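Notes follow once the structure below has been shown.
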Amino acid sequence: MKSKLLLTCLLWFVVGSFTAFAQLPQSEKDALIKLYQSLDGKNWNEGFVWDLNQDPSKWFGIKIDQNHVVEIVLNGAGLKGTLPEGVFSKLPWLKLVSMGSNPQLMGTIPTDFSSLKQLEAIGFGSVGLTGQFPALDAFPNLKVVNVSMNNLKREPNGFTVTMPDFNKIPHLAYFEAGYCGLKGTINDGIGKCTDLFYFDISGNFVEGSLPQSLNNCTKMKDFSVQDNKLSGEIPDLSNFTEITYQALNGFYGRLFFNQNNFSGPFPRWINLLPDVKRIRFDDNHLTGEIPNDLSGLFELEDLTADNNEISGKLPTNLPPKLSTFSFENNKLTGTLPAEWKNAKELTSINLSKNALSGKVLLNPKGMEQLERVYIDLNNFTFADFVDWQKFAKDTETRFLFGLQRPYGASKTINAKSGEKVTFDATIPAQMPKAIKLTYSWYNIKTMQKASFSKNAAVVEIPQVSVNDVANFICLITTDYFGNDPAGVQEESLQIPNYTMLRDGDEDGENTEEENRIYTPMMASGIFKLVVDGVSGTESIYDEQNTPKVYPSTTTGSLTIDSPKNIETLFIFTPKGEKVFACHPYKLENNTLDISYLPRGNYFVVFATIAGKSYTQTITRK
């Protein structure tokens, strides 16, 4: 599709009445023959091989105008070898050179390529070239560029391109330079490229900020700067009203800013782009709030902004054709609006790792397209989704209530010897009788179930003593929404590798769903028991960061971040059964061997020395 698109673009912008003449200068004919022989022409793909006894005007991919070669198009011809030096200097009238989709075209671009001052279109996408590509701004008439997919591994000694000075190529209309080792910054001159309609620099090393002058490119139909090193605020690009989806022409309606270092407020001007199809802001540092009304984005199907710092409430009105809404790992509050029932095309909702809470009024009835709902690691209670029971047990839809963030602040209970002490882990919400809960109480010091543990929210020690001094935590589970309705955990048992999903990371080979815990569960805050002034908490280190664990695929161990801050680390099964516990601050090193654990999903509960609790999901594969 890309090669066809490029050829279409070239034909759009490289114009002229091509007429073959027998009077082609011998120097140009010799240059073409040298190119043919250097690139193993006799073994090119069927239909591309030249008959050197024929006139050059009949050779595939060659266009001649006014006695000169003006076009070489050999996309997918099966070129093998390296481009010879001295050929392009003999073809000074060339306007178009395109040799894309030839992975065995190797070596570097000859130095005399830069002598082609008439050049309007360059096509070297998906080839095997290495080294530095000639400066693109050396071609003042340049309109079309495709040098994409030439440095997928981003090797320092691989294929690289330098971002051009756009002031020198004001006629540029098509710039496809994704995954090509592109470096540099985007200067203000890009605003002079008012014919620019396609701009893709995905997967490179571009730095700096996006210039406000980009908003002058009012013909833009597809725009992606994803996976670079860009920073600063995203400028107002409300003039990108032509962004649209036209797959046959290679336009995918993209507005992609993901995987950069952008900061500043969530761009509210996106509401002025009625035809945009896909918007991505994930993996940046955006703040601010989402506009409350997104219904003016008439064609939008995908809105993703995972792993930012976006706050405020969820929008009340969603785009009518929205399929994917994903704001995982942000700072959103409130609950899922009832008005979302009007988003009939909604397929996937991912709001994991936020601060959402409260009763969910959204009724999924009538939302026939809904396939995935992820709301784990928020502040919901089981009762907030009581009306979703039937929906949540539907095996056609993956509903992840999962593990919620610890509810309730840590509590200190001061007592004297002989007194009765009560621990109350009642969930702060009225729980319908239909929801059956299971309670498990753990002593953080001994890492075992507490001596007073029973299946109840409220437990007590009749006569407390200093021997009971410790910190405690309560784990609560339910099967009200079904136990792993999609069977994901059973599937994960068949995967022989070990990995773990960290906040903001994606598993490179398996889907994120395989790293999720589906069983609904909650953990209380920590109960700190002090008897006769004796405390089980020592303030050894000040807590700096949220504790985490990281995997080692080679040793089957977990590396603990900031172990001196953690009093106890628990590992539980999705059923709430403890399978491992330790005191990390006593370890000589910061690693744990858990290679013996059965494959499957687990979650980690950290009880810190500062008296806080945290949770994290891991997968043993």
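Note: hydrogens, waters and symmetry copies are ignored here, and every other heavy atom, side chains too, is used. Remember, it's a predicted structure, so these values are computed and weren't measured experimentally.
- Between S126 and M149 the shortest heavy-atom distance is OG-CB, 3.5 Å.
- At a cut-off of 3.5 Å, with distance as the only test, a side-chain donor of N187 or D165 sits close to an acceptor on the other residue.
- Side-chain atoms of N204 come within 3.5 Å of backbone N or O of G181 as a donor-acceptor pair.
- R254 forms no cation-pi arrangement with F223, by the criterion of a distance under 6.0 Å to the ring centre and an angle within 45° of the ring axis.
- One distance of note links CG of L286 with OG of S263; it measures 7.5 Å at 0.5 Å rounding.
- Shown are L142, L94, N141, V70; of these, the side-chain contact (heavy atoms from CB on, under 4.5 Å) with E120 is made only by N141.
- Looking at Q404, its side chain does come within 3.5 Å of a backbone N or O of I375 through a donor-acceptor pair.
- Side chain of N284 to main chain of N261: a donor-acceptor pair is present (N/O by atom type, distance under 3.5 Å, no hydrogens or angles).
- Looking at E371 and T397, their side chains never bring a donor and an acceptor atom within 3.5 Å of each other.
- Side-chain contact check for L39 versus K80: every heavy-atom pair is 4.5 Å or farther apart.
- In terms of heavy-atom proximity, S311 sits nearest to L332 at O-CD2, 3.6 Å.
- Looking at P92 and H68, their side chains never come closer than 4.5 Å, going by heavy atoms from C-beta outward.
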For a side-chain contact (heavy atoms from CB on, under 4.5 Å) check, start with the C-alpha distance between F380 and V360, then their side-chain angles and the critical distance, and finish with the verdict. CA-CA 9 Å; F380 288 117; V360 175; 3.8 Å; yes

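- Around CZ of F205, the count of heavy atoms belonging to other residues, nucleotides or ligands within 6.0 Å exceeds 12.
- Side-chain contact annotation: E242 with T218, donor-acceptor N/O pair under 3.5 Å absent.
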List the steps and the verdict of ring-ring contact (aromatic ring centres under 6.0 Å, His included) for Y374 and F399. CA-CA 6 Å; Y374 294 159; F399 175 78; 9.3 Å; no

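- With rounding to the nearest 0.5 Å, the separation of CD in E176 from CG in D222 is 9.5 Å.
- Between the N342 side chain and the N317 main chain, no donor and acceptor come within less than 3.5 Å of each other.
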Take R398 and V373 through the side-chain contact (heavy atoms from CB on, under 4.5 Å) test and state the conclusion after the steps. CA-CA 6 Å; R398 291 189 171 180; V373 180; over 6 Å; no

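- A side-chain donor-acceptor contact under 3.5 Å links N307 and D283.
- Here the side chains of N354 and N329 are not in contact, with every heavy-atom distance at 4.5 Å or above.
- There is no side-chain donor-acceptor pair under 3.5 Å between S323 and Q369.
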side-chain contact (heavy atoms from CB on, under 4.5 Å) between L297 and N271: does it pass, once the steps are laid out? CA-CA 6 Å; L297 294 163; N271 261 334; 3.9 Å; yes

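- At least one donor-acceptor pair under 3.5 Å links the side chain of E85 to the backbone N or O of T111.
- The CG atom of L182 sits 10.5 Å away from the OG atom of S202 when rounded to the nearest 0.5 Å.
- Under the 3.5 Å distance criterion, the side-chain polar atoms of D227 are left unmatched by any main-chain donor or acceptor of N260.
- The line from CG of D293 to CD of E339 is 10.5 Å long, rounded to the nearest 0.5 Å.
- You'll find the side chain of L172 stays beyond 4.5 Å of the side chain of V144, heavy atoms only.
- The CD1 atom of I234 sits 11.5 Å away from atom CG of D236, with the distance rounded to the nearest 0.5 Å.
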Go through the steps to decide whether S231 and E207 satisfy the test side-chain hydrogen bond (donor to acceptor under 3.5 Å, both in side chains), and finish with yes or no. CA-CA 7 Å; S231 57; E207 299 178 307; over 6 Å; no

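- Looking only at distances, a side-chain donor or acceptor of S89 sits under 3.5 Å from a matching main-chain atom of G86.
- A heavy-atom distance below 4.5 Å is not found between the side chains of L356 and N379.
- For K34, the NZ atom counts as densely surrounded, since its 6.0 Å shell holds more than 12 non-hydrogen atoms of other residues, nucleotides or ligands.
- A pairwise comparison of heavy atoms in L96 and L119 identifies N-CD1, 3.8 Å as the closest pair.
- Two residues are said to be in side-chain contact when any heavy atoms from C-beta on lie closer than 4.5 Å; M367 and L346 meet this criterion.
- For the 3.5 Å distance criterion, the side chains of S101 and N75 fail to qualify, holding no donor opposite an acceptor.
- Evaluation of the ring pair (Phe, Tyr, Trp, His ring centres under 6.0 Å) rule for F325 yields F327, W340 as partners, not counting sequence neighbours.
- Between E28 atom CD and W93 atom CH2 the span is 9.0 Å, to the nearest 0.5 Å.
- A donor-acceptor pair under 3.5 Å is absent between the side-chain atoms of R405 and the main chain of N378, judged by distance alone.
- Of all heavy-atom pairs spanning P337 and P315, the tightest one is CG-O, 3.6 Å.
- Of all the heavy atoms in P170 and P140, the pair that sits closest is CD-O, 4.4 Å.
- Under 3.5 Å, the side chains of N239 and T241 contain no donor-acceptor pair of N or O atoms.
- One N or O on the side chain of N102 and one on the backbone of G78 form a donor-acceptor pair closer than 3.5 Å.
- Taking the six-membered ring where the residue is Trp, the centroids of W44 and F60 are separated by 6.0 Å or more.
- Aromatic pair Y198/F175: centroids not less than 6.0 angstrom apart.
- Within the 4.5 Å cutoff, side-chain heavy atoms of D302 are placed close to those of T304.
- A donor and an acceptor atom, one from each side chain of N216 and T194, are nowhere located under 3.5 Å apart.
- Surrounding NZ of K331 are at most 12 heavy atoms belonging to other residues, nucleotides or ligands under 6.0 Å away.
- No side-chain heavy atom of L129 sits under 4.5 Å from any side-chain heavy atom of T108.
- Under the 3.5 Å distance criterion, the side-chain polar atoms of D376 are left unmatched by any main-chain donor or acceptor of S352.
- Among R280, K321, K277, R278, the single residue meeting the salt bridge (charged side-chain N to carboxylate O under 4.0 Å, His left out) criterion with E301 is K277.
- Annotation: F281 is not in aromatic contact with F256 [ring centroid separation under 6.0 Å not met].
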Under the criterion side-chain contact (heavy atoms from CB on, under 4.5 Å), I'd like the reasoning laid out for N146 against F124: C-alpha separation, chi angles, the key distance, then a yes or no. CA-CA 6 Å; N146 185 349; F124 284 96; over 6 Å; no

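- Of all the heavy atoms in L294 and P319, the pair that sits closest is O-CG, 3.3 Å.
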